[in-house]
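Everything below concerns the one structure shown next.
Remember, predicted model here, so these are calculated numbers, not experimental data. Naming: A, B, ... by sequence-line order, numbering from 1 per chain. Side-chain atoms are counted along with the backbone in the values below, which use heavy atoms only and exclude waters and symmetry mates.
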Amino acid sequence: MKKVRVRFAPSPTGGLHIGGVRTVLYNYLFAKNHGGDFILRIEDTDQNRYVKGAEEYIFDCLKWCGLEADESSLHGGEYGPYRQSERKEIYGEYGEQLVKDGFAYYAFDTAEELEKMRQDLKTEANPSPQYDHSIRRKMRNSLTLTMDETKKLLDAGIQHVIRIKMPENETVFLNDVIRGEIHFNTDTLDDKVLLKADGMPTYHLAVVVDDHLMEISHVFRGEEWLPSAPVHLLLWKYLGWEKHMPKWAHLPLILGPNGKLSKRDALKYGFPVFAMNWTDPKTGELIAGFREKGFLPEAFINFLALLGWNDGTEQEIFTKEELIKKFSIERVHSGGAKFDYEKAKWFNHEWIKRLTIDEFRLRIDKILADNNIAGIGKDYLDKVIALVKDRCILLTDFYDQSHFFFKSPAEYDLNAVKPKWSGGKKRFFDLFVEEMKATDPWESAFIEDGFKKLAMMQDMKPGELQLPFRIMLVGGKFGPPVFDIAAVLGKEQTIQRVHKAIVAFD
RNA sequence: GGCCCGUUCGUCUAAGGGCUAGGACACCACCCUUUCACGGUGGUGAUACGAGUUCGAAUCUCGUACGGGCUACCA
């Protein structure tokens, strides 16, 4: 059997959204599952849509996700170049060959003429007229012009495109791995442009030529490509490569609240749709990314993998290695899946809980730096992490959950303590300071023990004293068990905070 | 409008002719915890509709409805 070679072919026009990442994931998992190669090809045939930094950004995203390509413009390979703009010369000859063989033709229509045709033919029943078999006889192309006229125009260097000549009333069968057999009648298809006036191929020509030249064995791409699939099938046939044609699978779309998930949804609903932050160089607009939101790449790909696929069991948490082992394209759903940010967060939480303290520490450098927390000893930091880790749903929750370990509370939630504050309670804490001074060893259980004994001696309920104690150390009604906090803070710091708070409470 | 794809709890999904239609997220209740989470237990909640095939249909077929995608010299 032919070696498995799959590819992801993004056009570098902006951020990489999760639909794209999932397409990469499924390609990658399939390739690795079959011991094959994953190729990344940059589809930059549209010069007008070039966006600076987008290509590098895509590579960075894949690196962060742990889905790096075996071959690409960055990683090299035997089938390069991997950037279509650098393959420009390759496509022309195939276009000419198609014309010579009668499968395509030259078209000289200007943008204005095309626009006029669409306007003239536009009716309520047909709001978007196509350049198809029914009208190509009325346009300016090598089908309507004589050979001499055509040659004259070509020799004169008049701008022209090459269009595929859709056959009339034929049925094109597509055997999709996920959807089964799909058929199209060619009468409903239009004469797509194959080679543009600037000499660049359109996606349709480039994808077929490159997939052939790069010996791609399987094409897994988004469902939005389904309508143009028959054009690709026909080109494989017309170019004489039918027996080498890859297997096809069209992946279901990832939906937002209103249709295909888009970056507009990110702005509107406040959840990330890109893998990493992306700032549009033209508008300066920032679209949030999962990485910066505090997601673990392990959780991110785990979540994405399960959005449209499952292994048939009830397992939901998978490592990348497990996914590689268990993934099968046949088990991918045919229906679109709505993006659920809550579930994404649940996956992240599960992954954070599974992290060891060491692993967690290595992931929070940036969060500490962003919050000006520096010079913390490893032992102390690890104790904090041990208490706080499982309370973090996102990595970025770490600061909110732990800041009081690094900075004495700047203010107190007085509403939680003031109404019930009394002379008796003040006396208790004065005595408790003395008690703490004698507490040895300084451990959670001993601190708690001393606290409760003293409360009993004072004939007070320990429960009613715990909340004030918490506010003293933390500033508010949150955080891990209060005696654990005191233990980590240390005797001196705990006593200091109690002293300071007693004054503030009075 | 045309073409194509899709349709099981609110969401992601399991079940590919034979069960009380299973799990997870979210939600609710209780337990744990006299912070808040975690955790534990339980609960609400679905086969879009209509025909047909069959002893039997979530599962097969057809129709309808609804949702989505495409309809550029963009990918």
Taking the same atom, [atom1], in [N] and in [M], what whole-Å distance lies between them?
| N | M | atom1 | answer |
| --- | --- | --- | --- |
| rU47(B) | rG2(B) | C1' | 31 Å |
| rG69(B) | rC49(B) | P | 24 Å |
| rA26(B) | rU13(B) | C1' | 15 Å |
| rA14(B) | rC31(B) | P | 37 Å |
| rC12(B) | rU71(B) | C1' | 31 Å |
| rU33(B) | rC38(B) | C1' | 10 Å |
| rU53(B) | rA57(B) | P | 11 Å |
| rU59(B) | rG40(B) | P | 36 Å |

In plain terms, say whether [X] and [Y] are close enough for a salt bridge, that is, a side-chain N and a carboxylate O under 4.0 Å apart.
| X | Y | result |
| --- | --- | --- |
| R363(A) | E359(A) | no |
| D340(A) | K338(A) | no |
| E55(A) | R83(A) | yes |

Would you say the ring centers of [X] and [Y] fall short of 6.0 Å from each other?
| X | Y | result |
| --- | --- | --- |
| Y94(A) | Y238(A) | no |
| F505(A) | F429(A) | no |
| Y57(A) | W278(A) | yes |
| F451(A) | F432(A) | yes |
| H232(A) | Y203(A) | yes |

Are [X] and [Y] close enough that a side-chain donor and a side-chain acceptor fall under 3.5 Å?
| X | Y | answer |
| --- | --- | --- |
| Q466(A) | R470(A) | no |
| D210(A) | Y82(A) | no |
| N310(A) | R331(A) | yes |

Hey, does [X] reach any base, or is it just sugar-phosphate, or nothing, if we go heavy atoms under 4.0 Å?
| X | value |
| --- | --- |
| P480(A) | base |
| P252(A) | nothing |
| T45(A) | sugar-phosphate |
| K353(A) | sugar-phosphate |
| D109(A) | base |
| S128(A) | base |
| I182(A) | sugar-phosphate |

Residue-level proximity of residues 451-463 of chain A to RNA chain B when a heavy atom falls under 4.0 Å
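Contacts with RNA chain B under 4.0 Å: G463(A).
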Among [options], which nucleotide has an atom closest to any side-chain atom of [X]?
| X | options | value |
| --- | --- | --- |
| D340(A) | rG68(B), rG39(B), rU11(B) | rU11(B) |
| K477(A) | rU11(B), rG1(B), rU35(B) | rU35(B) |
| L467(A) | rU35(B), rA75(B), rC5(B) | rU35(B) |
| K260(A) | rC70(B), rU7(B), rC25(B) | rC70(B) |
| W346(A) | rA75(B), rC5(B), rA24(B) | rA24(B) |
| K343(A) | rC4(B), rU7(B), rA24(B) | rA24(B) |
| E314(A) | rA72(B), rA75(B), rG22(B) | rG22(B) |
| D46(A) | rG69(B), rU34(B), rA75(B) | rA75(B) |
| F184(A) | rC3(B), rA75(B), rU34(B) | rC3(B) |

In whole angstrom, give the distance that lies between atom CG of L473(A) and atom P of rU35(B).
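Whole-Å distance recorded here is 14 Å.
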With side chain to side chain donor-acceptor pair (under 3.5 Å) as the test, pick out the partner of H250(A) among E223(A), E224(A), R221(A).
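Filter result, single survivor: R221(A).
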Respond yes when some side-chain nitrogen or oxygen of [X] is under 4.0 Å from OP1 or OP2 of [N], and no when none is.
| X | N | value |
| --- | --- | --- |
| K196(A) | rC74(B) | yes |
| R163(A) | rC73(B) | yes |
| R118(A) | rC73(B) | yes |

So if I define the base as every atom that isn't primed, P, OP1 or OP2, how would nucleotides 41-48 of chain B read as a B/S/- string at a heavy-atom cutoff under 4.0 Å?
--------
Just name whichever nucleotide pairs with rU35(B), Watson-Crick or G-U, keeping both distances under 3.5 Å, else none.
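Checking every strand shown, rU35(B) finds no partner, since no pair has both distances under 3.5 Å.
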Please work out which of the three classes, parallel, tilted or perpendicular, describes the rings of Y26(A) and F327(A), given edges at 30° and 60°.
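Rings of F327(A) and Y26(A): tilted, 30 to 60°.
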Would you list the protein and nucleotides 13-16 of chain B atom pairs, both N or O, that sit under 3.5 Å from each other?
from: rU13(B); atom 1: OP1; to: G308(A); atom 2: N; distance (Å): 3.1
from: rU13(B); atom 1: O3'; to: N310(A); atom 2: ND2; distance (Å): 2.9
from: rU13(B); atom 1: O3'; to: H333(A); atom 2: NE2; distance (Å): 2.6
from: rA14(B); atom 1: OP1; to: N310(A); atom 2: ND2; distance (Å): 2.8
from: rA14(B); atom 1: OP1; to: H333(A); atom 2: NE2; distance (Å): 2.9
from: rA14(B); atom 1: OP2; to: H333(A); atom 2: NE2; distance (Å): 3.1

Does rC38(B) adopt a syn or an anti glycosidic conformation, taking syn as a chi angle within 90° of 0?
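Chi for rC38(B) falls in the syn range.
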Is a donor-acceptor pair below 3.5 Å formed from side chain R179(A) to base rC5(B), judging by atom type as modelled?
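It does not, because no donor-acceptor pair links the side chain of R179(A) to the base of rC5(B) below 3.5 Å.
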With side chain to side chain contact (heavy atoms under 4.5 Å, CB included) as the criterion, how do K477(A) and D413(A) come out once you've worked through the C-alpha distance, each side chain's angles and the decisive distance to 0.1 Å?
CA-CA 8 Å; K477(A) 286 163 65 172; D413(A) 181 357; 4.1 Å; yes
